[in-house]
Amino acid sequence: MHAAQDAIEPPAPGAPGSEPPTVREPTEPREPAEPKHDQGSPATRTPTGAETSTGPEQVGQQGAHLTTAQGARLRDTDHSLKAGARGPTLLQDHHLREKIMHFDHERIPERVVHARGAAAHGVFVGYGNAESVCRATFLGKDVKTPVFTRFSPVVGSRGSADAVRDTRGFATKFYTDEGVFDLVGNNIPVFFIQDAIKFPDVVHAAKPHPDREIPQAQSAHDTFWDFVGLHTEASHHVMWQMSDRGIPRSYRMMEGFGVHTFRLVDASGGTSLVKFHWKPRLGVHSLVWEEAQLVNGVDPDFHRRDLADAIESGAPPQWELGIQVFPDTPEQTFEGIDLLDPTKVVPEELAPVQPVGLMTLDANPTNYFAETEQVAFHPGHLVPGIDVTDDPLLQGRLFSYLDTQLTRLGGPNFAQIPINRPHAPVNDMLRDGWHQDAVHSGAAPYKPNSLDGGCPFFAGADVEALTEVAATVPEGHKVRESPASYADHFTQPRMFFRSLSPVEQEHTIRAYTFELGRCYEEAIKERYLGVLAEIDADLCAGVARGLGLDVPSRGPTGDVGVQRAQDMPPSPALSQVGQEWPVAGRVVGIVVDTDTDRGQVDAVRRRAIGDGLVPLVIAAHGGQVDGTSVQRTFATTRSVELDAVLLASCPPPAPDADPVGDAGAAPLDPRIAVLLQEAFRHAKPIGAWGAGSAALDAAGIPRSAPGVVVDENADTVTPEVLALLGRHRVWERLTGASAS
Ligand code: HDD
């Protein structure tokens, strides 16, 4: 390990910010949600708590009178002004014209990528241990900074589904005392391309086909695989996407990565290179493929709902911000890895991720459009102590994010939209333009001036942002080419695949097989098999078998001059299997009926709530069953919203339903049979006691299977099931041909 990595210490256990807040009892699901606290009187602060000088930003529905936009009171909003009850509508009806005009313009262009998103407010608390490498004050010990984080699939449009196979955005706005810092990352630490000039190309390839605009929100189509087969620098990113990382269980259970290498500057001007990581307290977990497909039908808003419910129920998700620190050498490499190449990771085993602060997301947005839709991130929003590097992907992004907001948010004043307003004082010399909210005083928005007393003044070198670090710019001719080190496209995907557990490898093989299997062009499939052959022979053989094609004998034929794959040691940190994680915020279904022992169910619920879980009682009908409140009925629940199932009964089918299960087994409601079979296939822990055990037999689930816990009493079953939940899934069930 290099000395630069030793520079900071992880926080001591018990240090401020290192403990999760106490989890309150989760609220029971309810529809519709209670009115939000701020649908009342106008506030004088922005949604993130910044003071506003331009009047009320949060306007509720509960004023005494309905008015026009001009404040004129209205007596009717249901009838237009007409010449007689059956006569034509009169142009003079201002309310009609204003109402329709405004409605006609309610939509703004969706983001060209990351159109669909979900976001939350929170706070970041610095541990104070990064001060030796970075002078940004928000990393200081116990410094609290408001944040707003938006998560987003990349490809789908605003109305698409959440659980698609895709990369996820992970963008955080820190409203620091020194100005806004945006960390605009993804849940995958590498990117498709090495140079921003290719971004329009990769997005055109990934988006739906231009003729029929299908498929929506997925990469399983010809243009995507055509592009990535011909641009093999994408191989590493594609490998992550085809792995379980491409279908996260929850935004709360995703890592985040700044992707690029950034430059940190310390108080005396010393610099280091750094990669940013977000580590979720709940661990990194994924859906299984069949589950993801069901989710997209059953609950297309699965991730959005999960984030909002967890926050509302008092289980706010948390992530530690971590950094990998590298010496700022002229070569800008570490252990032979080019730090300016955004298709490469530095394995954590070579450069440990050192935690420098904790983010807690504890408040849902009040208004989706005002906050989640209008938030404008930018990798160039930097504070003193954090600087960019020459990574050509990052350099291009510095242009794109400013530019896109002009169209999306309708002009150059988007920094004045409440969600985007800095908490640090703003004293720019930018003036006028569409949607100018400020009423600037003064006569001389230029410098130097003598008319406004010379104001505003310049900052000292110790607090200025956007510092020009005296990094050496390599001399040479102007060229359109990449450095030789960018030609290694296969070493790291090989390392990634070989770092996965067998069950994760199997999922990855199936994902490639499915996606390529959805392509029509044989040549595209064959070309990509060539890429896989270069990465790993078993991977290639598995996919070729599924496609019914020959294993190619040659490597890729796409990019010219690409290097052969080298062997790197595997990085165990890349696997999601084999660790224990907190279970807070997980959902446990409890199936009850009139024969259920209510005392036992109450005890299970108390235990689950005590551990921060969300127990859902499931019964044949809503309301109450023998005094126990029901949260889901057999008609309104599906297995995919549950992380584990507990059976306190074997509810029989409705009188008019067809019987299911083996002859001789107790009759079971077919919807519960399906729920159990899915939960079993998706390797979820299942527990049963008393009459509940008979439901297992009726659904054809072996009592002796791994992760199936059966006993006479809930007291013994529940702790075992919750312990299994800590491993996320019963991985043993996910091997073999029947695995999902
Ligand atoms: Fe980007 C949005 C992340 C490369 C151009 N990007 C966007 C968002 C995230 C990322 C999380 C959504 C932000 C939000 O929630 O509003 N993008 C990345 C990462 C990249 C990356 C991690 C590579 C490491 N992006 C990238 C390149 C370009 C863009 C190379 C263009 C040259 N990205 C955009 C954009 C978007 C955007 C078109 C769409 C909406 C927006 O910016 O505000 O400008």
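Everything numeric here is computed off the predicted structure, so don't read it as measured data. Residue numbers start at 1 and run along the sequence shown. Both counts, for ligands and for their atoms, begin at 1 and track the order of listing.
- Here CZ of R431 is found 8.0 Å from CE of M429. Values are rounded to the nearest 0.5 Å.
- Residue contacts with ligand 1 for Q405 involve side-chain atoms from C-beta outward but no N, CA, C or O (heavy atoms, distance under 4.0 Å).
- By the 30° and 60° cut-offs, the orientation of the rings of F148 relative to H121 is tilted.
- By the 3.5 Å distance cut-off applied to N or O atoms, R397 is counted among the residues near ligand 1.
- For atom 17 (N) of ligand 1, the candidate residues are F191, F170, Y401; the nearest heavy-atom contact is made by Y401.
- Looking only at side-chain heavy atoms (C-beta outward), H507 and M242 stay at 4.5 Å or farther from each other.
- The closest heavy-atom contact to atom 31 (C) of ligand 1, among the options F257, F414, F199, comes from F199.
- Within ligand 1, the atoms closer than 4.0 Å to a non-hydrogen atom of T404 are 41 (C), 42 (O), 43 (O), 44 (O), numbered from 1 in the order shown.
- Within the 4.5 Å cutoff, the side chain of I311 has heavy atoms near those of the P317 side chain.
- By the criterion of a heavy-atom distance under 4.0 Å, both the backbone and the side chain of V113 are placed next to ligand 1.
- Within the structure, ligand 1 lacks A376 among the residues with a heavy atom less than 4.0 angstrom away.
- Remark: side-chain polar atoms of N367 are paired, donor with acceptor, to backbone N or O of A370 under 3.5 angstrom.
- Near R111, the atoms of ligand 1 lying under 4.0 angstrom from a non-hydrogen atom of the residue are 14 (C), 16 (O), 40 (C).
- Relative orientation of the W225 and Y528 rings is perpendicular, given thresholds of 30° and 60° on the angle between their planes.
- Side-chain atoms of K173 and V375, non-hydrogen and from C-beta on, do get closer than 4.5 Å to each other.
- For ligand 1, the atoms closer than 4.0 angstrom to any heavy atom of V259 are 22 (C), 24 (C).
- The shortest contact between atom 15 (O) of ligand 1 and any protein heavy atom is with R150 NH1, 2.7 Å.
- For the pair N186 and ligand 1, the shortest N or O to N or O distance does not fall below 3.5 Å.
- Taking a cut-off of under 4.0 Å to the non-hydrogen atoms of V112, the atoms of ligand 1 that pass are 38 (C).
- Side chains of M253 and P248 form no contact here, defined as non-hydrogen atoms less than 4.5 Å apart.
- Atoms of ligand 1 found under 4.0 Å from any heavy atom of F377 (numbered from 1 in listed order, with element): 13 (C), 14 (C), 15 (O), 16 (O).
- Atom 11 (C) of ligand 1 has its closest protein heavy atom at G185 O, 3.3 Å.
- Among the backbone and side-chain atoms of S400, no N/O/S atom is found under 2.8 Å from atom 1 (Fe) of ligand 1.
- Shortest contact from atom 30 (C) of ligand 1 to any protein heavy atom: L393 CD1, 3.4 Å.
- In this structure, OH on Y486 lies 12.5 Å from CD on E481, to the nearest 0.5 angstrom.
- When hydrogens are left out, the protein atom nearest atom 7 (C) of ligand 1 is H114 CD2, 3.2 Å; that is the closest non-hydrogen contact.
- Looking at heavy atoms from C-beta onward, F490 lies in side-chain contact with V531 at the 4.5 angstrom threshold.
- A distance-only check finds no donor-acceptor pair linking the side chain of S152 to the backbone of H114 [under 3.5 Å].
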